[in-house]
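To start, the structure under review is shown below, and the notes come after it.
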2 protein chains.
Amino acid sequence: MTVRVLIVEDEPAVRRLLAYNLEAAGFEVAEARDGEEALRQIEELPPDLLILDWMLPGLSGIELCRRLRRRPATAALPVVMLTARVEERDRLRGLDTGADDYVTKPFSPAELVARVRAVLRRARPAMAGEVLTFADLRMDLASRRVFRGNREIPLSRTEFRLLRHLLENPHRVFERAQLLDRVWGLDADVELRTVDATIRRLRRALNAGGEPDLVRTVRGTGYALDLPEPAPEPLSAP
Amino acid sequence: MTVRVLIVEDEPAVRRLLAYNLEAAGFEVAEARDGEEALRQIEELPPDLLILDWMLPGLSGIELCRRLRRRPATAALPVVMLTARVEERDRLRGLDTGADDYVTKPFSPAELVARVRAVLRRARPAMAGEVLTFADLRMDLASRRVFRGNREIPLSRTEFRLLRHLLENPHRVFERAQLLDRVWGLDADVELRTVDATIRRLRRALNAGGEPDLVRTVRGTGYALDLPEPAPEPLSAP
DNA sequence: GCGTTCCGTGACAGGTTCGTGACAGTTACG
DNA sequence: CGTAACTGTCACGAACCTGTCACGGAACGC
């Protein structure tokens with residue numbers, strides 16, 4: 001599976017330089033000109049790493065980073081921040097920006113790629129230890145096991161990835177095409193209805209003990225992970 | 001909006017230490033001495049997170065946690081379990097207690113607060129996603145749900161899109177042709193009166209509980225989302 | 001008042017969507 | 001090499017959605 005990197009940078013020259021070198025290093029690259037566009041793209045298809053210019057028109061890089069950290073789905077998303085001068089870099093390090101590394105412009109392509117690789121190496125295992133929870137569902141990413149209550153649920157690879165994606169974004173409705181992109185991958189060539197089949201297998205596995213169904217069907221749209229009966233009042237924000 | 005944390009702990013010293021540090025970190029804190037009292041408080045005003053001592057007089061922490069998990073209203077309530085020693089913590093992790101994280105006594109305040117924050121990040125529904133509101137109507141775009149007061153309103157795809165458009169432009173009157181273009185789409189080939197039928201279905205769904213009608217009919221023109229007129233004002237003074 | 005226009009209402013048929021089970025090609029693994 | 005598990009498709013049926021229509025009452029202009 002390829003690693004997706006999203007570059008958020010308003011200067012076209014710098015953007016192209018970054019994209020060229022990262023693609024040459026084997027990454028899949030997406031680009032955004034400002035914070036708004038970045039948010040939209042992350043929404044659509046979350047990358048594995050973000051390269052973020054500190055100075056952006058509109059939403060600044062720091063603000064974007066902080067905002068991402070607040071969302072569970074992107075709280076652990078690795079971020080490499082681009083800064084113009086060394087002093088800035090050191091000052092940003094002091095602030096709590098939430099970035100994983102800082103690169104000073106001008107940078108050498110080799111250094112940039114090296115830092116991206118280092119951040120990915122560091123970030124991956126950190127994510128691996130996590131446990132995703134929803135209702136009486138528990139998914140341990142490290143051991144790749146899923147429990148409902150105290151019963152273990154055997155899941156195939158596809159089912160596991162689908163459930164993981166839903167657990168990372170509970171309550172949120174995904175349409176079939178989104179799920180295909182984000183679970184099966186962009187290069188997968190499968191029918192939309194395949195999602196239904198996998199949802200069905202996932203449901204059968206999850207509810208094998210007669211528990212209530214946690215997968216909500218939204219007719220005409222797609223699926224979401226949700227509590228069945230009582231309308232879940234949207235929890236108050238922190 | 002503040003985050004409420006309920007501490008369930010029988011030792012006053014530990015309770016006060018926890019309360020002090022959590023309040024310093026900006027949380028709103030409630031306290032309970034045992035499981036019974038905790039249940040009462042959760043009933044009264046559900047907290048956003050529970051800190052739970054493993055050893056409690058009466059109802060044990062584990063039992064309380066399991067019981068909460070069984071009730072839909074509290075099934076997703078984040079729980080941080082306090083244990084006395086490291087061995088206990090590891091043993092509890094093995095059992096399926098349903099807790100989201102474990103902290104070993106003695107703990108550092110910083111670690112405790114960090115773990116609470118982490119659990120909240122994970123447990124929170126993703127996306128402070130857009131929510132459209134009008135009067136007692138609430139539409140959550142991410143989860144694709146609509147509430148009137150605290151009653152959920154089931155809506156079909158078309159009804160949902162129509163209501164969304166009205167909610168995005170409250171008070172504004174749209175003629176049928178406009179609604180067809182903007183809700184059904186430019187390429188849709190349907191009768192103007194179809195709008196009436198959908199408005200009717202939307203009204204029936206929204207007012208199923210006997211609430212006042214929020215959809216205003218503008219004769220000869222179209223429809224708008226509006227508060228109903230409270231009373232016709234007499235023009236002449238008594 | 002009176003006729004006309006406009007909208008609410010209920011019913012209905014055709015279409016769409018989704019759950020379900022079955023099946024075959026593929027992969028994993030002993 | 002053979003078996004079992006996994007995965008993508010498909011066809012079918014039931015439930016649901018939706019556009020349309022006819023009818024009657026309400027609102028409006030005169």
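All values reported here derive from a predicted model rather than from experimental measurement. The chains referred to below are lettered A, B, ... by the order of the sequence lines, with proteins before strands, and numbering in each begins at 1.
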[options]: which one has an atom nearest the side-chain heavy atoms of [X]?
X: B:Thr217; options: C:dG8, D:dG8, C:dG10; answer: C:dG8
X: A:Thr158; options: C:dG8, C:dC18, D:dT7; answer: D:dT7
X: A:Tyr223; options: C:dG19, D:dT20, D:dG8; answer: C:dG19
X: A:Ser156; options: D:dT7, C:dC18, C:dG8; answer: D:dT7
X: B:Arg219; options: C:dC6, D:dG8, D:dC21; answer: C:dC6

Which comes earlier along DNA chain C counting from the 5' end, the contact point of A:Asp196 or that of A:Arg201, where each point is its nearest nucleotide?
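Looking at the nearest nucleotide for each, A:Asp196 comes out on the 5' side.
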
Checking all strands, does [X] fall into the base, sugar-phosphate, or nothing category for heavy-atom contacts under 4.0 angstrom?
X: B:Asp213; value: nothing
X: B:Phe160; value: nothing
X: B:Arg176; value: sugar-phosphate
X: A:Arg193; value: base

Inspect the contact between A:Arg16 and A:Glu31 and indicate whether a charged nitrogen and a carboxylate oxygen are less than 4.0 angstrom apart.
no

Output yes when A:Arg145 and A:Asp140 qualify as a salt bridge under the 4.0 Å nitrogen-oxygen rule, no when they do not.
no

Distance check needed: [N] [atom2] versus [X] [atom1], whole Å only.
X: B:Trp184; N: D:dT18; atom1: CH2; atom2: P; result: 9 Å
X: A:Leu179; N: D:dG8; atom1: CG; atom2: C1'; result: 16 Å
X: B:Asp189; N: D:dT20; atom1: CG; atom2: P; result: 7 Å
X: A:Arg204; N: C:dT20; atom1: CZ; atom2: P; result: 10 Å
X: B:Arg203; N: C:dC7; atom1: CZ; atom2: P; result: 11 Å
X: B:Glu175; N: C:dC7; atom1: CD; atom2: C1'; result: 16 Å
X: A:Arg157; N: C:dC29; atom1: CZ; atom2: P; result: 10 Å
X: A:Glu191; N: C:dT17; atom1: CD; atom2: P; result: 14 Å

Decide whether a cation-pi geometry holds between B:Arg182 and B:Phe174; the criteria are a distance under 6.0 Å from NZ or CZ to the six-membered ring centre and an angle within 45° of the ring axis.
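Geometry flag: not set, cation outside 6.0 Å or 45°.
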
Could you check B:Glu159 against A:Glu159 and say which one's nearest nucleotide on DNA chain D is further toward the 5' end?
A:Glu159

Reported CD-to-CZ distance for the pair A:Glu159 and A:Arg204, which is rounded to 0.5 angstrom
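One gets 8.5 Å once the value is rounded to the nearest 0.5 Å.
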
Rounded distance (nearest 0.5 Å) linking atom CG of A:Leu179 with atom NE2 of A:His165:
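The distance works out to 6.0 Å.
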
Verify the contact: side-chain N or O of A:Arg200 to OP1 or OP2 of C:dG19, cut-off strictly under 4.0 Å; return yes or no.
no

